[in-house]
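Quick notes on the structure that follows.
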Amino acid sequence: NFMLTQPHSVSDSPGKTVTISCTGSGGSIASNYVQWYQQRPGSAPTTVIYEDDQRPSGVPDRFSGSIDSSSNSASLTISGLKTEDEADYYCQSYDGSNPVIFGGGTRLTVL
Amino acid sequence: VQLLESGGGLVQPGGSLRLSCAASGFTFRSYVMSWVRQAPGKGLEWVSGISVGGENTYHADSVKGRFTISRDNSKNTLFLQMNSLRAEDTAVYYCAKDFYSGSSGPPSLFDYWGRGTLVTVAS
């Protein structure tokens, strides 16, 4: 079965750049699109990246997504960190046998 | 777009509950819909999905045979019938709308989520 693995937590200071990884196992991460959702405490998730590297309207261009087939991983990069970016981030993909798969989530702390 | 879940509450192990999600602001009948849950302090887990016409349903292994997803396109409403509930089903249940319009396939990616409804399974 296809699985997505994320680090439990990352942290950095305001103004810095942080990257959250999402590593696929049991299949190729490039086979289907990867999405990234942001979830602030007590709120529902919202989409920050869809279709690997697309930003929904209203999401600042400080957020970017990418895929690296060689490492079978996806990455979410947030530049110019702000305190408001502090949240949990989940990667997500899908395949035919197990329609929707989420990574375990990464807690971003902005120090 | 608005998705408003209801029907959550406290239920004993082995009991049943029916969740509803009232949708507005988009053409409900054109989108695959899903339920996603989040246990307290845990990550997101996809639970069930349903095709635009309701003819195809998809369930996670953890709920297969116990949960049934359905929809009423005339009332713009999504449902989740949960039977034989267990303590591990305790979670906030979110209704989520698929990004792609007119897809005949399983769920893929989500662009809108409801605020969720809490289901607690305990004696």
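Every chain is numbered from 1 and lettered A, B, ... according to where its sequence line falls, protein lines coming before strand lines. Remember, predicted model here, so these are calculated numbers, not experimental data. Atom set for the values below is all heavy atoms of this structure, side chains included, hydrogens, waters and symmetry mates excluded.
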Can you confirm whether more than 12 heavy atoms, excluding those of B/Arg66, are under 6.0 Å from its CZ atom? yes
Against chain B, label A/Pro45 side chain, backbone, both or neither, depending on which of its atoms sit under 4.5 Å from a heavy atom there. both
In one Ile/Leu/Val/Met/Phe/Trp/Tyr side-chain cluster, 4.5 Å: B/Val32, B/Phe28: no
Compute the ring centroids of A/Tyr94 and B/Trp46, then answer whether they are less than 6.0 Å apart. no
Sub-4.5 Å side-chain heavy-atom contact between B/Val36 and A/Tyr37: no
Quick check on the hydrophobic clustering: are A/Val48 and A/Val10 connected, directly or via other members, by side-chain heavy-atom contacts under 4.5 Å? yes
Measuring heavy-atom distances to chain A, does B/Gln38 have an atom under 4.5 Å in its side chain, in its backbone, in both, or in neither? side chain
Would you indicate whether A/Tyr50, at its atom OH, is surrounded by more than 12 heavy atoms from other residues, nucleotides or ligands within a distance under 6.0 Å? yes
Quick check: closest heavy atoms across A/Val100 and B/Pro107, and the distance to 0.1 Å? CG2-CB, 3.7 Å
Most heavy-atom pairs under 4.5 Å with chain A, out of B/Phe99, B/Tyr112, B/Tyr58, belong to B/Phe99
If you look at every heavy atom in A/Thr47 and B/Asp111, which pair is closest and at what distance? OG1-CA, 3.9 Å
Closest heavy-atom contact between A/Ala44 and B/Gly114? CB-O, 3.1 Å
Under 4.5 Å between side-chain heavy atoms, hopping through other hydrophobics if needed: is there a path connecting A/Ile101 to A/Val34? yes
Separation between CG (A/Asn32) and CG (B/Leu109), nearest 0.5 Å, reads 10.0 Å
Roughly how far, to the nearest 0.5 Å, is CD of A/Gln39 from CG of B/Leu44? 5.5 Å
Evaluate whether atom CD of B/Gln2 has more than 12 neighbouring non-hydrogen atoms of other residues, nucleotides or ligands under 6.0 angstrom away. no
Here the pair of heavy atoms bringing B/Ser108 nearest to A/Gln35 is O-NE2, 4.3 Å
Please tabulate, one pair per line, all N/O donor-acceptor pairs under 3.5 Å involving side-chain atoms of residues 103-111 of chain A, not counting sequence neighbours.
| from | atom 1 | to | atom 2 | distance (Å) |
| --- | --- | --- | --- | --- |
| A/Thr106 | OG1 | A/Gln6 | NE2 | 3.0 |
| A/Thr106 | OG1 | A/Pro7 | O | 2.6 |
| A/Arg107 | NE | A/Asp88 | OD1 | 2.3 |
| A/Arg107 | NH2 | A/Asp88 | OD1 | 3.4 |
| A/Arg107 | NH2 | A/Asp88 | OD2 | 3.3 |

Same cluster for B/Phe26 and B/Trp35 if Ile/Leu/Val/Met/Phe/Trp/Tyr side chains link at under 4.5 Å? yes
